[in-house]
Amino acid sequence: MKPKIWLSSPHMSGNELPYIQEAFDSNWVAPLGPNVNGFEFDLQTYLKEDCHVAALASGTSALHLSLILLGVEKGDEVICQSKTFSASANPIVYQGATPIFVDSERETWNMCPVQLEIAIKDRVSKGIKPKAIIAVHLYGMPYKVDEINQVALKYEIPVIEDSAESLGSEYNGRKCGTFGDFSILSFNGNKIITTSGGGALVSKTLKNKKKAVFLATQARDNAPHYLHSQIGYNYRMSNIVAGIGRGQMTVLDSHVAKRRSNHEFYVSVFKNNDNIVFLQEPEGCFSNRWLSCILLKSKSIREGLRLSLENENIESRPLWKPMHQQPVFKNAPRYLNGVSDELFEKGLCLPSGSNLTDAELDRVVTTINTYFNK
Ligand SMILES: Cc1ncc(COP(=O)(O)O)c(C=O)c1O
């Protein structure tokens with residue numbers, strides 16, 4: 001069996017170890033400490049805008065806290081991009097609220113502003129104004145920020161920007177992760193930088209960051225004994241994990257450059273293969289190309305290609321199955337235009353890691369060419 005080629009595997013630089021060693025040496029082995037503060041500072045500096053970062057246990061916990069901070073409760077409705085990973089939608093249900101799924105547009109594969117407005121108008125006509133909108137920069141491609149914000153502003157609904165897959169991406173020169181009323185980042189094992197598991201909540205105000213940290217550390221009131229007047233969570237990032245994050249920040253730009261070069265490589269080698277279509281970067285968008293995705297002509301071609309890659313021990317994955325098609329969300333209201341269904345049928349994510357070697361990329365390309373030439 002040939003060695004496995006992964007879709008997107010962790011890529012350590014070595015710069016992580018001194019931060020972890022320092023945590024051991026100073027006994028900061030806890031969900032607080034200098035690495036947590038340092039990682040938050042590094043992220044804030046990287047994002048450039050006036051923002052306040054809280055390092056958390058995961059991107060999912062950041063989404064959950066952002067819903068809590070926006071006052072989402074049982075019986076509320078929250079609009080969510082249908083074409084996403086389930087973690088975008090699950091925290092809506094943690095709060096006892098109902099997700100309302102909105103389809104994608106073709107230019108970025110993300111939330112369609114037209115469908116968004118249709119959904120809001122319809123929900124309002126039914127007597128429930130959505131409490132928040134969760135929009136996602138999927139695979140690193142920025143969503144139509146201006147158009148989505150325009151609709152959100154018109155109806156005065158806050159936006160939660162799910163930037164889990166898009167650290168390093170930009171929209172009109174500004175970093176993704178800075179556009180929402182709240183934004184979230186993920187450092188899970190497959191992300192552009194990873195801390196093994198981890199995430200962050202980006203707030204516009206220090207007050208909201210402080211509230212998030214309070215809730216993330218069991219909502220302990222100020223008293224010598226344990227005192228709680230609110231339900232809390234154990235969502236803070238550990239100082240060891242944050243040490244990995246500080247090391248990873250030193251290579252974030254090079255990871256973005258390598259992922260973009262993987263994508264350019266695939267585009268160049270398949271430029272004469274009319275079976276394969278790539279997602280272009282629209283004007284003003286800079287994608288970190290977290291995953292290189294292709295569209296094939298049909299589901300059967302997509303599946304045939306996926307199995308050929310699997311036979312060569314190469315991991316690929318169909319584009320994310322939309323939430324409105326997931327059994328767990330079968331009763332959730334949805335506003336559809338057919339785009340995300342088609343993308344799921346025809347789309348495939350190719351190996352995209354920043355640690356892929358030229359030989360590995362060649363193996364992927366050879367397998368794809370063999371499939372189409374047979
Ligand atoms: C779009 C999206 N949102 C949210 C998450 C959740 O992040 P985490 O795995 O850090 O909880 C992920 C990744 O896992 C994701 O891809």
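Counting begins at 1 with the first residue of the sequence. Just follow the structure's listing: the first ligand is 1, and inside any ligand the first atom is 1.
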Atom 5 (C) of ligand 1 has as its nearest protein heavy atom Ala87 CB, 3.6 Å
Check ligand 1 against Ser88 and write out every atom of the ligand that is under 4.0 Å from a heavy-atom position of the residue. 1 (C), 3 (N)
Is there a polar contact, in the sense of an N or O pair closer than 3.5 Å, between Trp320 and ligand 1? no
Would you call the rings of Trp290 and Tyr139 parallel, tilted or perpendicular, where under 30° means parallel and over 60° means perpendicular? parallel
Measure from atom 3 (N) of ligand 1 to every heavy atom in Ile184, Leu138, Asp162 and give the option owning the shortest one. Asp162
Do Lys175 and Tyr46 form a cation-pi contact, if we require the NZ or CZ to be under 6.0 Å from the six-membered ring centre and within 45 degrees of the ring's axis? yes
Please confirm whether Arg260 makes a cation-pi placement over Phe286, using NZ or CZ under 6.0 Å from the six-membered ring centre and within 45° of the ring normal. yes
Side chains of Glu40 and His52 only: does a donor on one sit below 3.5 Å from an acceptor on the other? no
Just need the protein heavy atom nearest to atom 11 (O) of ligand 1, so name the residue and atom and give the distance. Thr60 OG1, 2.5 Å
So which of Ala164, Ala89, Ser61, Gly198 gets nearest to atom 15 (C) of ligand 1, if we judge by its closest heavy atom? Ala164
With ring centroids as reference points, do Tyr266 and Phe278 lie under 6.0 angstrom apart? no
Check each heavy atom of Val136 against ligand 1 and say whether those closer than 4.0 Å belong to the side chain, the backbone, both or neither. side chain
Mind listing the side-chain donor-acceptor pairs of residues 241-250 below 3.5 Å, one per line with the distance, residues two or more places apart or on another chain?
| unit_1 | atom_1 | unit_2 | atom_2 | d |
| --- | --- | --- | --- | --- |
| Arg246 | NH1 | Asn35 | OD1 | 3.0 |
| Gln248 | OE1 | Thr194 | N | 2.8 |
| Gln248 | NE2 | His11 | O | 2.9 |
| Gln248 | NE2 | Glu16 | OE2 | 2.9 |
| Thr250 | OG1 | Asn15 | ND2 | 2.7 |
| Thr250 | OG1 | Gly247 | O | 2.5 |

Where's the contact between Thr84 and ligand 1, heavy-atom distance under 4.0 Å: side chain, backbone, both or neither? side chain
Among all protein heavy atoms, pick the one closest to atom 14 (O) of ligand 1 and tell me residue, atom and distance. Lys191 NZ, 3.0 Å
Would you check whether Glu165 has a nitrogen or oxygen atom less than 3.5 angstrom from a nitrogen or oxygen atom of ligand 1? yes
Any atoms of ligand 1 less than 4.0 Å from a non-hydrogen atom of Asn188? List them with their elements. 8 (P), 9 (O)
Criterion side-chain contact (heavy atoms from CB on, under 4.5 Å) on Leu361 and Asn262, from CA distance to verdict: CA-CA 8 Å; Leu361 283 168; Asn262 290 338; 3.7 Å; yes
Within the supplied structure, the quantity of interest is the number of heavy atoms (other residues, nucleotides, ligands) at a distance under 6.0 Å from Asp358 CG; does it exceed 12? no
